[in-house]
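Let me begin by presenting the structure, written as structure tokens, before commenting on it.
Reminder, nothing fancy here: chain letters follow the sequence lines and each chain counts from 1.
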Amino acid sequence: MALRFYNTLTQELEEFQPQDGKTVRMYTCGPTVYSYVHIGNFRTFSFQDILRRTLKARGFTLDHVMNITDVEDKIIRNAMAAGQTIQEYTAQYTQAFKDDSATLRLQAPERLAFATEHIPEMVNAIERLAAGHHTYANEGSTYFRISTFPEYGKLSHTNFSGNIAGARVEVDEYDKADARDFVLWKAQKPGEPAWQTSLGEGRPGWHIECSVMAMKYLGETIDIHTGGVDLVFPHHENEIAQSEAITGKRFVRYWLHAEHLMVEGQKMSKSLGNFYTLRDIIEKGYSPESIRYLLVSAHYRKQLNFTFDGLKGAAASLERLRNFELRLKNDRLAEGVNPEMEARTAAASAAFNKGLDDDLNTSDALAAIYEYVRDANTALDAGQFLAGNTAGAHALLAEFDAIFDVLKPTIQSGALTDAEIDAQVAERNKAKKAKDFKRADAIRNELLERGVVLEDTKDGVRWKRK
RNA sequence: GGCGCGGUAGCCAAGUGGUAAGGCAGAGGUCUGCAAAACCUUUAUUCACCGGUUCGACUCCGGUCCGCGCCUCCA
């Protein structure tokens with residue numbers, strides 16, 4: 001089956017093919033770096049990572065740009081309160097975002113694009129919009145006039161035709177002609193950082209950065225654009241209006257949106273205060289891999305309720321896969337190849353990929369892996385799984401882990417090295433042989449305290465990191 | 001009110017017009033010097049509710065109830 005994605009624009013599953021058949025030009029909405037990113041945000045970023053990896057696995061080359069919004073109201077407010085420049089203030093959270101992303105094994109996009117490094121391009125874009133009569137100025141700010149873009153609402157499938165200017169929505173502190181108009185350039189307010197430009201002294205509105213940076217690096221029509229569902233309106237709708245008003249061309253071919261991570265039945269958000277950062281959860285003793293597993297185990301277009309019980313379940317599920325991998329390495333198997341098992345492996349691989357191809361149905365893909373693991377374990381117990389079958393099994397796990405990337409444990413700093421652990425295991429084996437079980441148990445307990453679990457199997461001792 | 005999504009076992013979660021994947025937890029068993037481990041087996045006569053279409057619906061259609069999101073900054 002061909003790779004298919006649900007396109008928010010058409011509300012249909014569509015077969016995916018990049019414009020040039022080879023390179024996927026993808027833009028993903030990244031964080032606003034005014035504080036630590038929470039794991040609700042990371043659900044979306046994790047989804048983007050699964051998307052990236054799946055595209056790569058299908059042989060496409062990626063050109064992926066993610067923006068970092070490093071100038072915005074909350075940043076300015078917090079930086080001023082901290083007595084820092086916005087550059088100083090955002091640098092720490094940008095770094096934290098990069099660190100956290102690495103912890104969650106999110107592949108870095110080909111390019112991170114910072115809003116503050118694209119001010120001239122944004123000004124230029126706004127001037128082009130002005131030349132096309134899509135803007136108006138008021139008290140030093142510049143606005144996009146939505147009435148000049150008849151297709152406005154096509155992404156969020158909202159009809160604004162009956163809307164009377166200012167009648168339904170309170171106009172905010174900036175004066176707009178129509179409540180749906182949005183600001184492109186904000187006039188400087190006292191004390192705020194600003195850029196001196198042909199539009200006057202001020203700073204860019206939020207939406208324009210994505211249009212400008214996406215088109216600068218990826219071209220006027222890009223293949224994929226993603227973000228959380230809360231960005232569909234107004235952010236992405238506005239991006240379309242700006243971009244298409246400038247170029248007259250379709251801005252994005254496939255729009256993909258990730259559903260929210262929920263907590264106790266409500267959206268995880270900073271304003272509700274019901275959020276956890278990655279650091280919060282890791283401090284409670286959960287591994288990055290189990291968090292990653294939890295975030296990507298449900299389909300991205302379904303709301304996912306975050307609970308610690310769920311996280312424990314994710315960790316346990318993951319253990320099952322790791323144990324199988326360990327078993328492949330440790331069990332002593334008879335020589336030969338069981339062709340039935342080889343066929344089973346191929347079927348599992350096909351089912352796994354079929355799941356991913358179906359709009360990144362990770363639940364379905366995972367099920368294929370678990371069914372295989374159960375069958376393979378049964379075959380191992382029955383002696384039907386032969387030495388020649390391990391290569392295929394490892395290849396399947398590698399195929400799985402190229403997307404999910406959860407099998408290898410994160411090794412904490414200060415942890416024992418493999419060699420140190422092996423030495424202790426050998427020591428314990430000696431004690432066991434001498435029937436010195438007290439000593440053997442003591443070593444096992446010491447290792448356990450240092451995060452290493454020993455398991456005795458009929459084919460010898462195996463160990464794993466907790 | 002408008003737009004969108006969803007209601008499947010104790011919990012999480014796929015799926016299909018032809019009789020319910022998978023994971024966690026629970027129960028039983030196997031292995032083991034012991035074992036907290038590991039592995040196997042098992043767990044929904046039923047898919048929110050009510051009508052309709054059909055040989056047959058959880059899956060299609062209509063309606064009802066409930067939950068969530070967006071409509072303002074937001075992943």
If the cut-off is 4.0 Å, is [X] near the phosphate of [N], judged by side-chain N/O to OP1 or OP2?
X	N	result
A:Asn323	B:rA38	yes
A:Arg374	B:rA21	no
A:Lys432	B:rU32	no

Report which part of the nucleic acid [X] touches: base, sugar-phosphate, or nothing (heavy-atom distance under 4.0 Å, all strands).
X	value
A:Lys267	base
A:Leu294	nothing
A:Ala258	nothing
A:Met268	base
A:His260	base

Looking at [range], who's got a heavy atom less than 4.0 Å off RNA chain B?
range	result
residues 441-457 of chain A	A:Asp441, A:Arg444, A:Asn445, A:Glu455, A:Asp456
residues 375-382 of chain A	A:Asn377, A:Thr378, A:Asp381
residues 296-310 of chain A	A:His299, A:Lys302, A:Gln303

Can you tell me the pairing partner of [N] across any strand shown, Watson-Crick or G-U wobble, with both distances under 3.5 angstrom?
N	answer
B:rC73	none
B:rG67	B:rC5
B:rC60	B:rG52
B:rA37	none
B:rU19	none
B:rU42	B:rG26

Whole-Å gap separating [atom2] ([N]) and [atom1] ([X]):
X	N	atom1	atom2	answer
A:Asn7	B:rG4	CG	P	15 Å
A:Gln384	B:rC40	CD	P	15 Å
A:Ile146	B:rU72	CD1	C1'	13 Å
A:Phe437	B:rC34	CZ	P	9 Å
A:Gln11	B:rC70	CD	P	18 Å
A:Tyr370	B:rC39	OH	P	11 Å
A:Lys154	B:rC70	NZ	P	24 Å
A:Lys464	B:rA35	NZ	C1'	13 Å

Donor-acceptor pair present, A:Arg428 side chain and B:rG33 base, under 3.5 Å:
yes
I'd like to know if A:Thr44 reaches the base of B:rA75 with its side chain, counting only an N/O donor and acceptor under 3.5 Å.
yes
Which comes earlier along RNA chain B counting from the 5' end, the contact point of A:Ala368 or that of A:Arg327, where each point is its nearest nucleotide?
A:Ala368
With sequence neighbours excluded, tell me which residues meet salt bridge (Lys or Arg N to Asp or Glu O under 4.0 Å) with [X].
X	result
A:Glu72	A:Lys74
A:Glu110	A:Arg52
A:Arg145	none

Determine the interatomic distance between [atom1] on [N] and the same-named atom on [M]; round to the nearest Å.
N	M	atom1	answer
B:rG7	B:rA14	P	8 Å
B:rU30	B:rU45	C1'	32 Å
B:rA9	B:rA27	C1'	15 Å
B:rU54	B:rC65	C1'	26 Å
B:rA44	B:rC11	P	15 Å
B:rG2	B:rC60	P	23 Å

Select one nucleotide: of [options], the one nearest the side-chain heavy atoms of [X].
X	options	value
A:Lys74	B:rG69, B:rG15, B:rC73	B:rC73
A:Asp364	B:rC73, B:rA75, B:rA14	B:rA14
A:Arg320	B:rC24, B:rC70, B:rC73	B:rC24
A:Asn361	B:rA14, B:rC3, B:rA21	B:rA14
A:Phe233	B:rA75, B:rC70, B:rA14	B:rC70

How would you list, by chain and number, every residue that makes a ring pair (Phe, Tyr, Trp, His ring centres under 6.0 Å) with [X], sequence neighbours excluded?
X	result
A:Phe308	A:Tyr276, A:Tyr286, A:Phe306
A:Tyr6	none
A:His299	none
A:Tyr34	none

Donor-acceptor pair, distance only, cut-off 3.5 Å: does the side chain of A:Thr44 make one with the backbone of A:Gly227?
no
Would the distance check show the side chain of A:Asp401 and the main-chain N or O of A:Leu407 forming a donor-acceptor pair, the cut-off being under 3.5 Å?
yes
Step by step, work out the side-chain hydrogen bond (donor to acceptor under 3.5 Å, both in side chains) result for A:Asn7 and A:Glu14.
CA-CA 7 Å; A:Asn7 190 344; A:Glu14 295 175 5; 3.3 Å; yes
I need the minimum non-hydrogen distance between A:Gln242 and A:Ser211, along with the two atoms involved.
OE1-OG, 2.8 Å
Under 3.5 Å, side-chain donor or acceptor atoms of residues 366-376 of chain A against the rest of the protein: list the pairs with distances, not counting sequence neighbours.
{"unit_1": "A:Tyr370", "atom_1": "OH", "unit_2": "A:Tyr293", "atom_2": "OH", "d": "2.7"}
{"unit_1": "A:Tyr370", "atom_1": "OH", "unit_2": "A:Ser317", "atom_2": "O", "d": "3.2"}
{"unit_1": "A:Tyr372", "atom_1": "OH", "unit_2": "A:Thr345", "atom_2": "OG1", "d": "3.2"}
{"unit_1": "A:Asp375", "atom_1": "OD2", "unit_2": "A:Arg344", "atom_2": "NE", "d": "2.6"}
{"unit_1": "A:Asp375", "atom_1": "OD2", "unit_2": "A:Arg344", "atom_2": "NH2", "d": "3.1"}

When you look at CD of A:Glu340, are more than 12 heavy atoms from neighbouring residues, nucleotides or ligands closer to it than 6.0 Å?
no
Assert yes or no for the condition that the ring centre distance of A:His225 to A:Tyr254 is strictly below 6.0 Å.
no
Can you list, pair by pair, the side-chain donor-acceptor contacts under 3.5 Å of residues 255-264 of chain A, counting residues two or more places apart and other chains?
{"unit_1": "A:His257", "atom_1": "ND1", "unit_2": "A:Thr8", "atom_2": "OG1", "d": "2.7"}
{"unit_1": "A:His257", "atom_1": "NE2", "unit_2": "A:His236", "atom_2": "ND1", "d": "2.8"}
{"unit_1": "A:His260", "atom_1": "NE2", "unit_2": "A:Asp230", "atom_2": "OD2", "d": "3.4"}

